[in-house]
Amino acid sequence: MATIPWLVDVLRAAGVQVVVEGDWLNRMRPGSFDPIGVLWHHTASTSSASNPHPALGICINGRSDLAGPLCQALVDYNGVFHVISAGRCNHAGVSGGSGPIPAGDGNTLMIGWEIDYNGVDQEMTAAQYNASIAATAAVLTRLGRDSSYARGHRETSTTGKIDPSFIDLNVMRADVAAKMAGGGTAWSSTVDNTTAGRFTASASWGVSTFSSQRYGADYRYADPVAASDPAWYRFNVPAAGNYRVEAWWPTNSGYNSATPYIVATSTGNKTVYVDQRVTGGQWRVLGTFTLPAGDANRVAVSRWSTATGLVVADAVRLTRV
Ligand SMILES: [Zn+2]
């Protein structure tokens with residue numbers, strides 16, 4: 001039976017944060033293991049900043065109906081890879097065949113990431129997504145396979161699995177392909193409301209330290225108004241291309257349920273509405289957009305919301321994909 005004792009080194013070389021979980025080199029299921037691909041899962045457990053890997057024990061030890069280990073690595077809330085096994089694991093069951101992955105024994109054919117989020121009312125965090133992309137690209141490079149060998153459990157399952165939820169698996173494969181082509185770490189830049197020379201807002205935007213979910217020292221807030229008074233984030237985009245745009249805001253029940261974020265793309269302004277009453281204190285993906293090169297105001301928070309509640313401007317991050 002083959003093993004993948006190179007897994008930790010390959011992940012670390014790709015810039016992925018790794019925690020080695022005990023005797024990972026010898027913890028595995030009996031049976032064949034000759035992986036050609038990587039399979040993404042979600043655990044169905046609710047993770048958080050204060051409880052980043054609730055399913056780790058189950059993934060190591062298994063359940064009453066399924067012996068552990070249940071994956072080669074668990075990806076926690078912060079995007080840290082907890083490496084559990086260098087060998088065969090009970091994660092995939094029978095493969096029905098998907099893309100280049102044939103029908104057969106999924107646990108022989110694939111290396112599994114259990115990404116720790118519940119998949120019902122909790123999405124994968126951006127940290128989990130970015131780390132999983134980097135890890136998948138690195139492992140497929142090592143295996144000598146292209147991005148089509150990255151699959152989601154819902155694609156290979158013969159029993160109706162739904163994981164990983166909230167992920168477009170074709171976009172995932174495109175992001176893996178871009179990572180494999182680019183080699184190094186993708187360009188990324190964060191602008192906070194306090195970043196010198198890169199944030200502009202009128203005096204109508206107050207300064208607050210009220211929420212502990214803020215990014216950095218403080219954030220800005222304003223009442224919604226049917227007028228143009230946006231807070232702008234300026235970025236020096238290195239080259240024309242596709243960029244993932246993420247925003248960070250603190251949440252409060254009194255904040256706005258339909259805050260407009262405007263992205264100035266190569267083909268005009270695009271608006272994305274977010275609910276700032278929920279999912280705060282973390283990076284949230286607004287989407288992937290085509291941006292022109294150059295140093296310019298690129299993302300704005302608009303006050304022009306028809307919903308009630310304060311609109312909040314905290315931090316924005318661009319990452320080339
Ligand atoms: Zn699964």
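Predicted model only: the values in this text are computed from it and were never measured.
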Please report the shortest heavy-atom distance between [X] and [Y], naming the atom on each side.
X      : Y      : answer
Ala55  : Leu74  : C-CD1, 3.8 Å
Thr209 : Arg214 : O-NH1, 3.0 Å
Thr265 : Gly268 : OG1-O, 2.6 Å
Asn170 : Asp168 : N-OD1, 2.9 Å
Tyr219 : Asp314 : CB-CG, 3.6 Å
Ala137 : Met180 : CB-CG, 3.5 Å

query: Out of curiosity, Met28 CE to Asn90 CG, how far, rounded to the nearest 0.5 Å?
result: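 Reported value, rounded in 0.5 Å steps: 13.0 Å.
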
message: Between Trp249 and Thr259, is the side-chain contact (heavy atoms from CB on, under 4.5 Å) condition met? List the steps.
response: CA-CA 11 Å; Trp249 58 87; Thr259 298; over 6 Å; no

Does any non-hydrogen side-chain atom of [Y] lie less than 4.5 Å from one of [X]?
X      : Y      : result
Ile36  : Leu143 : no
Tyr261 : Arg284 : no
Asn256 : Pro224 : yes
Val299 : Tyr243 : no
Met110 : His91  : yes
Gln128 : Asp116 : yes
Pro260 : Tyr273 : yes
Leu310 : Tyr255 : yes

Indicate yes or no for a side-chain donor-acceptor contact from [X] to the backbone of [Y] under 3.5 Å, with no hydrogens or angles considered.
X      : Y      : value
Arg303 : Ala227 : no
Ser188 : Arg317 : no
Arg220 : Trp205 : yes
Gln72  : Gly87  : yes
His42  : Ser165 : yes
Asp76  : Val80  : yes
Arg154 : Pro164 : yes
Glu155 : Arg151 : no
Asn107 : Ala92  : yes

- prompt: Leu7 and Ile60: same hydrophobic cluster, using ILVMFWY side-chain contacts below 4.5 Å?
  reply: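 No.
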
query: If two hydrophobic side chains count as joined below 4.5 Å and joins carry through other members, does Val316 share a cluster with Val272?
result: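 Same cluster: Val316 reaches Val272 through Ile, Leu, Val, Met, Phe, Trp or Tyr contacts under 4.5 Å.
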
field: NZ/NE/NH1/NH2 to OD/OE distance under 4.0 Å, Arg63 and Asp65
entry: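 Yes, charged N to carboxylate O under 4.0 Å.
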
field: Side-chain ion pair, Asp146 and Arg173, N-O less than 4.0 Å
entry: no

- line: ring-ring contact (aromatic ring centres under 6.0 Å, His included) filter on Tyr233, not counting sequence neighbours, yields Phe199

query: Do Phe81 and Trp113 have ring centres separated by under 6.0 Å?
result: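 Ring centres of Trp113 and Phe81 closer than 6.0 Å.
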
- prompt: Should we say atom NZ of Lys270 is surrounded by more than 12 heavy atoms from elsewhere, each under 6.0 Å from it?
  reply: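 Counting neighbours around NZ of Lys270, more than 12 heavy atoms of other residues, nucleotides or ligands fall under 6.0 Å, so yes.
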
message: Check this for me: Phe166, atom CZ, are more than 12 non-hydrogen atoms of other residues, nucleotides or ligands nearer than 6.0 Å?
response: yes

task: Classify the ring geometry between Tyr129 and Trp40 as parallel (under 30°), tilted (30 to 60°) or perpendicular (over 60°).
output: perpendicular

message: Using the rule side-chain contact (heavy atoms from CB on, under 4.5 Å), only one of Val38, Ile101, Thr136, Ile111 pairs with Tyr149; which is it?
response: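 Passing option: Ile101.
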
task: For Asp275, check salt bridge (Lys or Arg N to Asp or Glu O under 4.0 Å) against everything at least two apart and list the hits.
output: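 Scan of Asp275 (salt bridge (Lys or Arg N to Asp or Glu O under 4.0 Å), adjacent residues dropped) gives Arg277.
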
